[in-house]
Protein chains: 2
Amino acid sequence: MTNVLHHPSKEDITLPAVLGALGDETRLAIVSILSRHGESERNVTCSYFLNLGSKTALSYHIAKLREAGIINVRPDGTKRLLSLRRGDLEARFPGFLASVLSAAPAADEEVDA
Amino acid sequence: MTNVLHHPSKEDITLPAVLGALGDETRLAIVSILSRHGESERNVTCSYFLNLGSKTALSYHIAKLREAGIINVRPDGTKRLLSLRRGDLEARFPGFLASVLSAAPAADEEVDA
DNA sequence: CTCGATGTTCAATGAATGTTGAACTATTAC
DNA sequence: GTAATAGTTCAACATTCATTGAACATCGAG
């Protein structure tokens, strides 16, 4: 059925949805870590965050971030490549993402490498 | 009992708490309206927001904003004067409040004046 | 002191949230 | 083909969240 992942268009990203999505430690950590991985999607998949929770929980959180318009999820084989929607967020809420990221917790990323 | 309203000190304001508090339409509207009322507390009391919900609901939301460190609540007689903690928020998360406020919904403030 | 106004507290309620494990789909490797 | 890998979906569950109405506390005015 809905095999296509829905992403809100830039203009459909709303502030309450973004704030709500980021108001969770796990999701904030995902975004923070994601921001430290260069521009495009680079080998950052869902399982990259398994240290933050079970794969079911991650699926849930990542869907929330996607539906809020914060991240992009692109299927690549059996994996999903994740990336921050920096441009869209900056266009929609100038300065917002930068201020959040600069204040985001150090995010002791302990990754299963 | 605890007749004194607790406000977190500047350094105890955390990003997840702030994001969580702002991830609610009613509270975002309160903050938005509050930001449009000059610097200090100026005749802006809890009942100023009665168009946004019942007084019980407002008491709840205003307490949330206070506990998150977003607003200051100063008792004045039987009223409480509300004000944004602009300085503390700016010191803690530079640029954050400005970016949120500039993107916040127009806040059709219909006040019982 | 009594009244009216401003808010808070409490218990109850329903909705939304986040987590889990099992089952499932889809792709890749062999 | 089978098996392994990567995620999703589902039902169940516990927790938190937001709202309501009733009762209460506090202050100012008269």
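Below, each value reflects all heavy atoms present in this structure, side chains not excepted, and no hydrogens, waters or symmetry copies. Quick note on labels: first sequence line is chain A, next is B, and so on, each numbered from 1.
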Tell me: [atom1] of [X] to [atom2] of [N], nearest whole Å?
{"X": "H6(B)", "N": "dT8(C)", "atom1": "NE2", "atom2": "C1'", "answer": "18 Å"}
{"X": "D76(A)", "N": "dA26(C)", "atom1": "CG", "atom2": "P", "answer": "17 Å"}
{"X": "Y48(A)", "N": "dG7(D)", "atom1": "OH", "atom2": "C1'", "answer": "19 Å"}
{"X": "F49(B)", "N": "dT8(C)", "atom1": "CZ", "atom2": "P", "answer": "13 Å"}
{"X": "R66(B)", "N": "dG7(C)", "atom1": "CZ", "atom2": "C1'", "answer": "12 Å"}
{"X": "I71(A)", "N": "dG7(D)", "atom1": "CD1", "atom2": "C1'", "answer": "13 Å"}
{"X": "E67(A)", "N": "dT9(D)", "atom1": "CD", "atom2": "C1'", "answer": "13 Å"}
{"X": "L50(B)", "N": "dT6(C)", "atom1": "CG", "atom2": "C1'", "answer": "10 Å"}

- [ ] To the nearest 0.5 Å, tell me how far R74(A) CZ sits from H7(A) NE2.
- [x] 10.5 Å
Which nucleotide in the set [options] lies at the smallest distance from any side-chain heavy atom of [X]?
{"X": "S59(A)", "options": "dT8(D), dG21(D), dG7(C)", "result": "dT8(D)"}
{"X": "T56(B)", "options": "dT9(C), dG7(D), dT19(C)", "result": "dT9(C)"}
{"X": "R80(B)", "options": "dT20(C), dG7(C), dT20(D)", "result": "dG7(C)"}

TODO: With the side chain counted from C-beta on, respond yes when L82(A) and Y48(A) share a heavy-atom pair under 4.5 Å apart, and no when they do not.
DONE: no
Open item on the list: Any heavy-atom pair between the side chains of F49(B) and L34(B) that's under 4.5 Å?
Closed with: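 They are in contact (side-chain heavy atoms under 4.5 Å apart), so the answer is yes.
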What side-chain donor-acceptor pairs closer than 3.5 Å can you find for residues 60-68 of chain A, not counting sequence neighbours?
unit_1	atom_1	unit_2	atom_2	d
H61(A)	ND1	R27(A)	NH1	3.0
R66(A)	NH1	H6(A)	O	2.7

Pairwise N/O distances under 3.5 Å, protein to nucleotides 2-5 of chain D:
none

Open item on the list: Between R80(B) (side chain only) and D76(B) (backbone N and O only), is there a donor and an acceptor less than 3.5 Å apart?
Closed with: no
Open item on the list: S54(A): which residues meet the side-chain contact (heavy atoms from CB on, under 4.5 Å) condition with it, sequence neighbours left out?
Closed with: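 Per chain and number, S54(A) pairs via side-chain contact (heavy atoms from CB on, under 4.5 Å) with T56(A), A57(A).
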Task: Qualifying residues under side-chain contact (heavy atoms from CB on, under 4.5 Å), relative to T14(B), sequence neighbours excluded - done: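 Residues passing side-chain contact (heavy atoms from CB on, under 4.5 Å) with T14(B): P16(B), A17(B).
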Validation: residues 88-97 of chain A side-chain donor-acceptor distances under 3.5 Å, sequence neighbours left out:
unit_1	atom_1	unit_2	atom_2	d
D88(A)	OD2	R85(A)	NE	3.1
D88(A)	OD2	R85(A)	NH2	2.9
E90(A)	OE1	G95(A)	N	3.2
E90(A)	OE2	G95(A)	N	3.3
R92(A)	NE	K10(A)	O	3.4
R92(A)	NE	I13(A)	O	2.9
R92(A)	NH2	I13(A)	O	3.1

Open item on the list: Would H37(A) and S83(A) count as a side chain to side chain contact (heavy atoms under 4.5 Å, CB included) here? Give the steps.
Closed with: CA-CA 9 Å; H37(A) 280 268; S83(A) 58; over 6 Å; no
Open item on the list: If you compare every side-chain N and O of S54(B) against the phosphate oxygens of dG21(D) (OP1, OP2), does one of them come in below 4.0 Å?
Closed with: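 No, no such contact exists.
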Are there any protein N/O atoms within less than 3.5 Å of an N/O atom in nucleotides 12-18 of chain D, and if so, which ones and at what distance?
unit_1	atom_1	unit_2	atom_2	d
dA18(D)	OP1	D24(B)	OD2	3.4
dA18(D)	OP1	R27(B)	NH2	3.0
dA18(D)	OP2	R27(B)	NH1	3.2
dA18(D)	OP2	Y60(B)	OH	2.6

